[in-house]
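Notes follow the structure.
We number each residue from 1, following the sequence as shown. Keep in mind it's a predicted model, so treat the numbers as computed, not measured.
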Amino acid sequence: MHNIKQCVLKTITKQWILTLLIIILCIFVILSALLPPYILGLIVDTLSTSSQLSFSIIVIYFLSLVANKVSISARDSVLVIFGQKISHTLRSAMMEHYTTTTAQLLSKQESGEVVSRFISDVDQIEQLFSAGIISLFADTLQMLSILYVIFQKTKGLFFILSITLPCVFFYTRHVQKHMLKAEKQNRQAIAEANAFIPETIHNILTIHNLNKQAYMEDKYTTLINKSYTAISQTNFYDAIYSPTIQIIDAITIAIVMALSATRDPLVLSFFGMQAGTAVTILNYIVQIFAPIENIGMEIQTIQSAIACVQRINTFLQTPQETKIISTQIAQTNHIITVNNISFAYNKEYILQNTSLTIDKGEHVTLVGRTGAGKSTLFKLILGLYTPQTGSIQVCGQDPFTISPQQRRSIFGYVEQKFHPVIGTIRDQITLYDTMISDEQVNQALALTGLLQTVQFFPNKLDTLCSKELFSQGQWQNLSIARAIVCDPPILMFDEITADLDAEYEKHILETLQHISKNKTILSISHRQNEKSTRIIRVQGNRISNEKRA
């Protein structure tokens, strides 16, 4: 189980050269920031005493300015690269966790919220490292260095800053707390809006038929207003922070200049300084308040990232599948055995004390009303869910413990709708599994009647898939080819002809008849026209069998 701290430490360890370079550049930025004001003070003191100014000191002054700007630019560039490395490690850890999260939890995840975590939240955390926390740490070290120099030059100014800076710090903390609260509210609102959009698109025809456009618009407006309100609070604090810091900066400079201009010997002992020293100190004061102002400008990024860190860490703490993988596949007549299982969603039982056996070579159809538990039983047999009580055996072992490598060689699963992946026709069937040969792919296409169509394309198996490439029935045949490419002994069909017209349905049924020889077939259907050897009526805690002639 990962968390963001572990991902960061992993990146630092793996990218140790990059980490060392960041440290060196941060130190160089601090040193190069101290040098120009000091040299400028020497130049002013030299001119004020009518002494001849050396050309070399002018060159050194400008070179020190260039060195400071170059080092800042180099540091920021390296920080961007480091932030990208962090985001890569974090996304990899999140994907690893996501793919091993239990199916029960995955079914509760909103797609929009998942996308928001992987994209928006991780991007914000990348900003935390590329333009946030490390720069903030470097600015803090720079302020401490300047304070030390000021203490050596004028103890009076150091005393004033010792009073002023803590006030600025507590003011900054006050702003941070309010901005963090607003950012959490904004992130939650964005996640809800991201989940709402695909849900609306998916149900757009129903919304139009029921004339619920106004309701959906109002609901979406409510989500947007929640985000807008949170952003407004964040922008308010962001807007007032920088001017406040600038005003404090100006007041501090005015007080120091006024006190240094007095003729009181006691005051001059604390604030008196030469012209060159005054120039140096003024530059240092600006350098002290500039990082604090930068903190205010970066507070929104930092607080937003902290909110994202909390959201991602919560996701990374969700339970994962704990499997003891078995590699032994037993040969048994009862290829599927369901023994007295019970399964519930949120304490509401869908299946109770359900038992079932399916022999090798049987063609079994599950029928029953919507919500009776047919699809749930499918997922339990596939090992996607685990029952609360009872046990399931597929080929003599718990399907939940079947390794990913073995799963496709045991199960061929076809859903009601084909779910394409990005890539070629070959990729649709192999799902990027390089162990599956082109010969196996072509054989699966031939069994489903698609080989001739695919051979007609100029790039054949390398043809990139698009929505217009196949008809609805051909897409479903492609789904069947995906299921049978590894020649599994068990084929499972979930209402695969429900969305097809009579002509397409006829072609699909012919395909099924062609590929079902020597296979165990388990299908879900609301109609009973398939040539099944057995019909099983599923109704929660009751299963009844009807033998076909």
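- Remark: I22 CD1 to L79 CG distance equals 5.0 Å, nearest 0.5 Å.
- Other residues, nucleotides and ligands place more than 12 heavy atoms under 6.0 Å from the CD1 atom of I163.
- When side chains are defined from C-beta on, F28 does not count as touching N68, because their heavy atoms never get closer than 4.5 Å.
- Within the 4.5 Å cutoff, the side chain of Q393 has no heavy atoms near those of the N339 side chain.
- With a 6.0 Å radius and a threshold of 12 heavy atoms from other residues, nucleotides or ligands, Y148 has its OH atom at or below the threshold.
- Counting heavy atoms from C-beta outward, P489 and T520 have side chains that stay 4.5 Å or more apart.
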Start with the C-alpha gap between Y228 and N186, add the side-chain angles, then the distance that decides, and say whether side chain to side chain contact (heavy atoms under 4.5 Å, CB included) holds.
-> CA-CA 8 Å; Y228 176 76; N186 180 39; over 6 Å; no
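- Taking the side chain as every heavy atom from C-beta outward, I341 and V338 approach each other to under 4.5 Å.
- Using a 4.5 Å heavy-atom threshold, the side chains of S71 and S32 count as touching.
- Relative ring orientation between F418 and W475 is described as parallel, the plane-to-plane angle staying below 30° on a 0-90° scale split at 30° and 60°.
- The side-chain heavy atoms of S227 and L223, taken from C-beta on, include no pair separated by under 4.5 Å.
- Ring-plane geometry between H174 and Y237 is classed as perpendicular, the angle between the planes exceeding 60 degrees on a 0 to 90 degree scale with a lower cut at 30.
- A donor-acceptor distance shorter than 3.5 angstrom exists from the side chain of R482 to the backbone of Q428, with no hydrogens or angles considered.
- Counting heavy atoms from C-beta outward, Q476 and V414 have side chains that approach closer than 4.5 Å.
- Residues C465 and T424 are not in side-chain contact: their nearest non-hydrogen atoms beyond the backbone lie 4.5 Å or more apart.
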CA sep, side-chain torsions, deciding dist, call: I72, R75, side chain to side chain contact (heavy atoms under 4.5 Å, CB included) = CA-CA 5 Å; I72 291 174; R75 181 197 66 182; 4.1 Å; yes
So L351 and L380, side chain to side chain contact (heavy atoms under 4.5 Å, CB included) or not? Walk me through it.
-> CA-CA 11 Å; L351 298 169; L380 288 163; 3.7 Å; yes
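- Checked options L445, I436, V421; the residue passing with I429 is L445 (criterion: side-chain contact (heavy atoms from CB on, under 4.5 Å)).
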Show the numbers, then the answer: is there a side-chain hydrogen bond (donor to acceptor under 3.5 Å, both in side chains) between T448 and N477?
-> CA-CA 6 Å; T448 56; N477 272 328; 5.3 Å; no
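- Of the N and O atoms on the side chains of T221 and E217, not one donor lies less than 3.5 Å from an acceptor on the other residue.
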